[in-house]
Enquirer: 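Please read through the structure below; I'll follow up with questions.
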2 protein chains.
Amino acid sequence: MIMKKQQRADISAPNGVPGRHDLRQACRAAGLKVTHQREIIFSEIVNTTDHPSAEMLFERVREKIPSVSRDTVYRTLSMLEDAGFVSRLTLRGATRFDGDVSAHHHFFCTQCGAVYDFDWREFDSLALPETAKACGDVASSRVVLEGICRCCAESEDNGAGNA
Amino acid sequence: MIMKKQQRADISAPNGVPGRHDLRQACRAAGLKVTHQREIIFSEIVNTTDHPSAEMLFERVREKIPSVSRDTVYRTLSMLEDAGFVSRLTLRGATRFDGDVSAHHHFFCTQCGAVYDFDWREFDSLALPETAKACGDVASSRVVLEGICRCCAESEDNGAGNA
DNA sequence: ATTCGTGCAAATCATTTGCATCGTG
DNA sequence: CACGATGCAAATGATTTGCACGAAT
């Protein structure tokens, strides 16, 4: 009821960030057309680490292609997600996109809404407890941290801050 | 910008589930009125472990108080959250409520949308990695598991299932 | 009696969808 | 050329808000 098909098209970027070429070839393989807007939207997500919302991406893409419509951004994001090129995350109700689809975890700043990625090998190699296995077949395991990010903490130090 | 004040009224239920009495006394302490709808809504969340959505709660409360309005449910949920009596979680974009505010983790079934609680002491006592500390001041640390729950897996075993 | 909470209806916000047109393969 | 993609506008779904009345302290 709330699910999404998750059959990632095989990206040949073993080391990290998939580039524009990967988009082209993967779209072709999937029978999807490579349009200007798709390329821009994709590069916009991949070339940032700030986990933008659909609206933020719409604004950014609009600077490059003033005529894009919001729908195209939404539609493209969904197609990129289905293709396994980007991932969607919802923290505290806010939907954000992440161009990094590799396994990693998130820190969410409850003050400014910023999202930061972080790795945690020790966690990744930890065995799940019985209590968790009892729930069902686990496909993914992620950690979500919440707190006040460095930026916010620092701006509070300097006087009243932006609280 | 996306935050919520989080000053939990002090609940005197050291061992677990806060009962109706706690609601009464805590509301009073906070200068809030104890209405019939609030009591019903609260007991509805506390006496279930299925992490209902606002809409589901609305339906359930409606069986007891046919005249409740959806808004009252929404408003009450927000007030209960602000008071620290229930917690709100968003998994894959769906907002759910949890009457258990103690520290625990969640398993989300990507097939049926069910949410299960589980404890993980080993994780709780693990020290955060430097990569995480670098992000900021961590206030909460939760694990989110996604996969296929037991129920779904079993119903698939028996023929076509409900996929 | 006061003041807060409720129900109602309308407003808002994010996201989705139908459709005619446009661009890519 | 043909079919998928785009832009537009309208639809939808979830949640919020303004307001007058009703209930709790």
Side-chain angles (χ1 to χ4, degrees), chain A residues 1-4 9 20 23-42 51-59 61-62 64-83 85-86 88-97 113, chain B residues 1-4 9 20 23-42 51-59 61-62 64-83 85-86 88-97 113:
Chain A
M1 21 160 70
I2 319 176
M3 14 306 348
K4 280 274 172 190
R20 260 137 281 189
L23 208 228
R24 300 190 76 84
Q25 80 181 51
C27 278
R28 292 217 184 102
L32 299 166
K33 287 177 180 173
V34 180
T35 62
H36 186 207
Q37 19 278 83
R38 286 183 175 177
E39 291 195 296
I40 299 296
I41 295 171
F42 179 63
H51 308 78
S53 63
E55 185 65 26
M56 290 160 83
L57 280 165
F58 169 57
E59 293 301 343
V61 171
R62 185 139 73 155
K64 306 261 177 76
I65 311 175
S67 62
V68 261
S69 72
R70 211 183 306 264
D71 334 278
T72 297
V73 174
Y74 276 99
R75 267 188 290 232
T76 301
L77 287 172
S78 291
M79 97 76 166
L80 288 173
E81 183 192 10
D82 289 346
F85 284 133
V86 308
R88 181 191 305 252
L89 46 145
T90 0
L91 285 317
R92 293 260 188 138
T95 300
R96 307 298 210 79
F97 293 87
Chain B
M1 22 162 70
I2 320 176
M3 18 294 0
K4 280 277 173 188
R20 261 135 279 188
L23 209 228
R24 300 189 75 86
Q25 80 181 50
C27 278
R28 294 221 180 99
L32 299 166
K33 288 176 179 172
V34 180
T35 62
H36 185 206
Q37 20 278 81
R38 285 183 175 176
E39 292 195 296
I40 299 296
I41 294 172
F42 179 64
H51 308 79
S53 63
E55 185 66 25
M56 289 161 82
L57 280 165
F58 170 58
E59 293 301 343
V61 171
R62 184 138 73 154
K64 305 262 178 78
I65 310 176
S67 63
V68 262
S69 72
R70 210 183 307 266
D71 333 279
T72 296
V73 174
Y74 275 100
R75 267 188 289 233
T76 301
L77 287 172
S78 291
M79 99 75 168
L80 289 173
E81 183 190 12
D82 290 346
F85 284 132
V86 307
R88 182 191 304 251
L89 45 146
T90 1
L91 284 317
R92 294 260 187 136
T95 300
R96 307 297 212 79
F97 292 87

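Proteins get letters first, then strands, A, B, ... in listed order; numbering begins at 1 in each.
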Enquirer: For B:Arg38 and for B:Asp71, locate the closest nucleotide of DNA chain C by heavy-atom distance; then report the residue assigned to the nucleotide nearer the 5' terminus.
Expert: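 Whichever sits nearer the 5' end wins; that is B:Arg38.
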Enquirer: Calculate the interatomic distance between A:Met79 atom CE and C:dT15 atom P; express it in whole Å.
Expert: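 From A:Met79 CE to C:dT15 P: 18 Å.
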Enquirer: Polar atoms only, N or O, under 3.5 Å: list the protein pairs with nucleotides 21-25 of chain D and their distances.
Expert:
| residue | atom | partner | partner atom | Å |
| --- | --- | --- | --- | --- |
| D:dA24 | N3 | B:Lys33 | NZ | 3.4 |

Enquirer: Between B:Ala54 and A:Val73, who's closer to the 5' end of DNA chain D by nearest nucleotide?
Expert: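 Its nucleotide being nearer the 5' end, the pick is A:Val73.
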Enquirer: How close or far is atom C1' of D:dA5 from atom CD of A:Glu39, stated in whole angstroms?
Expert: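 Atom CD in A:Glu39 sits about 14 Å away from atom C1' in D:dA5.
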Enquirer: I need the A:Tyr74 OH to A:Thr95 OG1 distance, nearest 0.5 Å.
Expert: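 Atom-to-atom, A:Tyr74:OH and A:Thr95:OG1 are 8.0 Å apart.
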Enquirer: What nucleic acid atoms does A:Ser53 come within less than 4.0 Å of, heavy atoms only: base, sugar-phosphate, or nothing?
Expert: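 Answer is nothing: A:Ser53 stays at 4.0 Å or more from every strand.
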Enquirer: Taking CZ from A:Phe42 and P from D:dA5, how many angstroms apart are they, rounded to a whole number?
Expert: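 Distance, rounded to whole Å: 16 Å.
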Enquirer: Looking at side-chain heavy atoms only, is the closest gap between A:Cys27 and A:Met79 below 4.5 Å?
Expert: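 Sidechains of A:Met79 and A:Cys27: in contact.
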Enquirer: Do A:Thr90 and B:Leu91 have side-chain heavy atoms sitting under 4.5 Å apart?
Expert: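 A side-chain contact under 4.5 Å is absent here.
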Enquirer: Would one find a side-chain N or O of A:Thr72 under 4.0 angstrom from OP1 or OP2 of D:dG7?
Expert: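 Yes.
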Enquirer: Does A:Arg75 contact D:dG7 through a side-chain donor or acceptor facing the base, at a distance under 3.5 Å?
Expert: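 A donor-acceptor contact between them is present.
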Enquirer: Taking atom P of C:dA14 as reference, at what distance in whole Å does atom CE of A:Met56 sit?
Expert: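 That distance rounds to 12 Å.
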Enquirer: Roughly how many Å is it from CG in A:Leu77 to C1' in D:dA5, rounded to a whole number?
Expert: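 Going from A:Leu77 (CG) to D:dA5 (C1'), I get 15 Å.
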Enquirer: For the side chain of B:Gln37, counting heavy atoms from C-beta on, which of D:dT15, D:dC8, C:dT6 is nearest?
Expert: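 Comparing D:dT15, D:dC8, C:dT6 against the side chain of B:Gln37, the answer is C:dT6.
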Enquirer: Measure from CZ on A:Arg70 to P on C:dT12 and round the result to the nearest Å.
Expert: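 So the two atoms are 15 Å apart, to the nearest Å.
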Enquirer: Provide, to the nearest angstrom, the distance between the CD1 atom belonging to B:Ile40 and the P atom belonging to C:dT6.
Expert: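 After rounding, the reported distance stands at 12 Å.
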Enquirer: Kindly say whether A:Thr72 contributes a backbone atom to a donor-acceptor pair with the side chain of A:Thr76 at under 3.5 angstrom?
Expert: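 Yes: the side chain of A:Thr76 pairs with the backbone of A:Thr72.
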Enquirer: For the side chain of A:Arg96 and the backbone of A:His51, is there at least one donor-acceptor N/O pair under 3.5 Å apart?
Expert: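 Yes, A:Arg96 side chain to A:His51 backbone: donor-acceptor pair under 3.5 Å.
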Enquirer: Within this structure, what is the CG-CZ distance for the pair B:Leu57 and B:Phe42, rounded to the nearest 0.5 Å?
Expert: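 The CZ atom of B:Phe42 is 12.5 Å from CG of B:Leu57, to the nearest 0.5 Å.
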Enquirer: Quick one: list whatever passes side chain to side chain donor-acceptor pair (under 3.5 Å) with B:Ser53, sequence neighbours left out.
Expert: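 In terms of side chain to side chain donor-acceptor pair (under 3.5 Å), with neighbours along the sequence ignored, B:Ser53 is linked to no residue.
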Enquirer: Please check the phosphate of C:dT16 (OP1 and OP2 only) for any side-chain N or O of A:Tyr74 closer than 4.0 Å.
Expert: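 No.
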Enquirer: Would you work out how much the helix from C:dA1-D:dT25 to C:dG25-D:dC1 bends between its ends, with each end axis defined by five base pairs, to 10 degrees?
Expert: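 The end-segment axes of the helix from C:dA1-D:dT25 to C:dG25-D:dC1 are tilted 40° relative to each other.
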Enquirer: How long is the line joining CZ of A:Arg92 and C1' of C:dC13, in whole Å?
Expert: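 Roughly 19 Å, once rounded to whole Å.
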Enquirer: For A:Ser67 and A:Arg62, test the side chains for any donor-to-acceptor distance below 3.5 angstrom and give the result as yes or no.
Expert: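 No pair is found: no donor N or O on one side chain lies under 3.5 Å from an acceptor on the other.
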Enquirer: Would you find a donor on one side and an acceptor on the other, under 3.5 Å apart, between the side chain of B:Thr35 and the backbone of B:Arg38?
Expert: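 Yes.
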Enquirer: Nearest 0.5 angstrom please: B:Asp82 CG to B:Arg88 CZ, how far?
Expert: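 Between B:Asp82 CG and B:Arg88 CZ, I get 8.0 Å after rounding to 0.5 Å.
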Enquirer: Side chain of B:Ser78 only, heavy atoms from C-beta on: which candidate in D:dG7, C:dT16, D:dT16 is closest?
Expert: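 Out of D:dG7, C:dT16, D:dT16, the nucleotide with an atom closest to B:Ser78's side chain is D:dT16.
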